[in-house]
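The figures here come from the full heavy-atom set of this structure, side chains too, leaving out hydrogens, waters and symmetry mates. Proteins get letters first, then strands, A, B, ... in listed order; numbering begins at 1 in each.
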Amino acid sequence: MKKTGSQILLECLQLEGVDTIFGYPGGTVINIYDDLMDYPIRHILTRHEQAAVHAADGYARATGKVGVAIATSGPGATNTITGIATAYMDSIPLVVITGQVPTPLIGNDAFQEADIIGITRPITKHNYLVKDIKDLARIVKQAFYIARTGRPGPVLIDLPKDVQIASAKFEYPSTVELRGYKPTYSGNVRQVEKAVKMILASRKPVIYVGGGATLSDASQELRTFAEAIQAPVTTTLMGMSSFPKRHPLSLGMLGMHGTYYANMAVTNSDLLIAIGARFDDRVTGKIATFAPHAKIIHVDIDPTSIKKNVRVDLPIVGDLKDVLQKMVQKIAEHGEGIEKLIDETSPWREEISGWKEQHPMTYKPSETVIKPQFVIEKLRELTSEDAIVTTEVGQHQMWTAQFFDFTQPRTFLTSGGLGTMGFGLPSALGAQAAFPERQVIDVSGDGSFQMNSQELATLVQYRLPVKIVILNNNFLGMVRQWQQLFFNKRYSQTCMELPIDFIKLAEAYGATGLRATRPDEVEGVIRKAMETPGPVIMEFKISREENVMPMVPAGAGLNEMVLAS
Amino acid sequence: MKHTISVLVENEFGVLSRVSGLFSGRGFNIESLSVAPTLDPSISRMTIVTSGDDQILEQITKQLNKLIDTIKVIDFTGEDFVERELALIKVTAEEGTRAEVLRITDIFRGKVVDVTPRSYTIEVTGAPAKIDAIVELLRPAGLKEIVRSGPVVLGRGPKGWRSAD
Ligand SMILES: Cc1ncc(C[n+]2csc(CCOP(=O)(O)OP(=O)(O)O)c2C)c(N)n1
């Protein structure tokens with residue numbers, strides 16, 4: 001039987017196991033929306049297309065599945081861009097479907113036409129303009145395959161209106177044939193053997209973990225590996241929830257706002273084992289003084305990540321799960337060598353403990369004003385282990401990374417690569433749609449919150465009980481901090497002059513608003529919020545000029561941390 | 001250092017802008033680029049001349065390989081290959097210089113492909129250095145216009161690119 005293009009699209013989504021999509025209708029997707037009424041796919045109507053993509057992204061980060069978003073042509077499509085770029089920078093698997101003007105009109109500056117293929121080329125893993133309905137099923141199949149395999153990423157399908165209306169026989173291809181795309185999953189055994197030799201010869205090893213460990217679902221393998229060689233583990237912002245912070249080998253986060261001891265350990269290491277990380281400038285600081293004494297082993301599924309920013313002594317291309325399993329196997333063959341390694345690296349672990357005691361991750365508590373770090377600590381205390389925490393971007397994001405002890409993978413969703421303010425609320429929405437029973441919390445600043453606050457409506461409409469923490473300093477705090485430290489306290493355009501009544505805002509949408517202005521109110525507000533059904537805003541009036549510390553100033557080396565401001 | 005790279009790509013809509021966008025977006029340099037379909041019409045072959053140190057070249061080849069539409073990347077540096085470029089040169093050819101222009105063309109095994117009372121258009125092929133040389137020799141006669149195709153290359157020996165891997 002023949003089906004229309006929009007029916008074929010929806011059939012494909014079903015066969016890909018898609019149960020939820022996030023989107024916003026318009027003229028060039030109206031046929032898809034019409035057919036959607038006949039398919040058992042849940043559609044969540046966000047209030048902005050950017051939020052639809054972030055929601056699909058949050059859904060993907062929390063589940064590991066491909067997130068799906070849909071938008072109309074022109075302005076709908078251009079509104080998705082920040083969402084797509086955010087997912088691209090963090091390697092999140094998405095399929096974004098945009099409507100397009102009918103093929104005969106393409107290139108004519110038709111109403112609501114935008115060259116979204118051209119615009120998104122540098123921020124997608126791949127993109128497709130479907131010109132012929134005969135190609136549609138194959139393209140959707142390939143899009144999902146490309147999005148989730150290898151180093152994952154967003155794929156965009158631009159679907160002209162006439163192709164949606166045309167009809168053809170529907171046949172979903174059973175296999176994908178892409179002669180130019182063959183990711184390497186299996187790590188080379190000889191390279192693994194060399195790595196094990198280097199590990200056995202090391203005296204000051206450090207494991208440095210990035211977002212790849214989460215993407216490859218390799219936290220268990222990572223833990224086994226670290227424990228086998230008793231090497232300390234530091235993670236990036238993206239790698240955070242893949243290794244439990246309370247583990248004795250954990251050094252927490254490294255880099256600009258990382259722990260003193262993680263940065264000292266990396267600087268003094270003689271072997272750095274990079275696992276699914278990409279040596280971002282926020283992580284390395286000044287390259288010339290980054291891990292100057294270390295040999296570097298770099299394991300990554302994407303060969304372009306290797307030797308992009310730093311020299312590498314031993315590259316291993318492959319899926320982290322596979323490579324780590326092989327490493328653990330090989331290590332097991334060196335019983336005596338391992339005993340000797342653990343013995344001879346024990347002074348190193350003691351040296352690190354010394355740094356930990358000297359400068360733990362800490363802050364100055366207060367009995368009069370609410371310290372943001374205190375709110376984050378309380379939040380950890382009062383939420384369950386599997387609670388999912390998203391953040392916006394700014395100081396609150398760093399405080400969350402520093403003071404929330406994540407213990408389970410895929411529980412910390414944050415925009416690491418692009419640093420997108422406005423990501424937290426819609427991504428929490430997506431995560432909550434995936435896990436209606438789990439606690440989902442967006443930690444926000446008062447600035448970021450206003451970038452996608454319209455999504456309160458979506459939360460209320462779909463009964464998604466996301467809890468929102470606003471650490472309100474009435475500043476664009478992170479930028480203010482830089483102005484304080486590096487621009488002589490000239491606070492140019494970072495003071496949010498107009499205080500918003502977030503309680504009333506919550507109520508306007510039919511959500512609940514709670515406020516704490518004193519430290520002794522913090523716990524009560526969090527408890528109350530967690531007991532209240534539906535979405536809740538918790539506003540905490542925090543000490544206004546609190547800084548994120550410690551800090552590696554931009555351009556400085558990891559060994560030049562400023563410990564207090 | 002200069003490198004000549006062949007990129008075999010899916011002959012698909014937009015593939016040229018994927019490749020050129022990769023170069024501009026990452027700040028890689030393109031000195032010349034030529035593209036046309038191959039024996040297999042579903043595959044196009046690009047020849048790109050670029051420059052950079054070893055690390056940049058490694059990134060360029062890896063990034064090209066990462067494109068979904070890229071089937072194969074061959075960096076000919078250090079390989080044995082044949083390199084040819086085509087140039088069309090419009091040169092002033094008047095009473096006193098016509099004979100000299102013809103003589104130079106002959107030496108380079110070029111051909112005159114268009115003649116007017118005051119000019120010749122010369123077709124010449126060869127390695128880029130040879131084209132540079134004829135251009136310099138013709139310069140005194142008066143160059144009016146010149147177009148160069150950018151080099152194309154093939155590896156020497158009996159094997160095609162498919163059997164090379
Ligand atoms: C979309 C976007 N615009 C601008 C920035 C630059 N920026 C980074 S942090 C920040 C301030 C964030 O303020 P707020 O959300 O109130 O959080 P705080 O730092 O106060 O915790 C800004 C403007 C950004 N990251 N994203």
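- Taking the ring centre of B:F13 as origin, the terminal cationic atom of A:K131 falls inside the region bounded by 6.0 Å and 45° from the ring axis.
- Exactly one of B:L138, B:V113, B:L102, B:I104 qualifies for a side chain to side chain contact (heavy atoms under 4.5 Å, CB included) with B:I122. That residue is B:L138.
- Top candidate by heavy-atom pairs under 4.5 Å with chain B, chosen from A:I146, A:I117, A:L178, is A:I146.
- Remark: aromatic rings of A:F279 and A:H298 are close, center separation under 6.0 Å.
- Among A:D90, A:D57, A:T86, the single residue meeting the side-chain hydrogen bond (donor to acceptor under 3.5 Å, both in side chains) criterion with A:T420 is A:T86.
- Looking at A:R151, the atoms closer than 4.5 Å to chain B (heavy atoms on both sides) all sit in the side chain, from C-beta outward.
- Heavy atoms from other residues, nucleotides or ligands lying under 6.0 Å from CD of B:E12 number more than 12.
- For B:S17, the parts sitting under 4.5 Å from any heavy atom of chain A are the backbone and the side chain alike.
- Note on ring orientation: taking the six-membered ring where Trp is involved, the planes of A:Y145 and A:Y181 are perpendicular (angle over 60°, cut-offs 30° and 60°).
- Contact annotation for residues 28-45 of chain B against chain A (heavy-atom separation below 4.5 Å, listed by residue number): B:D40, B:S42, B:I43.
- A side chain to side chain contact (heavy atoms under 4.5 Å, CB included) with A:F144 is found for one member of A:T149, A:V68, A:I139, A:V176 and no other, namely A:V68.
- Within residues 56-68 of chain B, the residues having any heavy atom closer than 4.5 Å to a heavy atom of chain A are B:E58, B:Q59, B:K62, B:Q63, B:N65, B:K66, B:L67, B:I68, listed by residue number.
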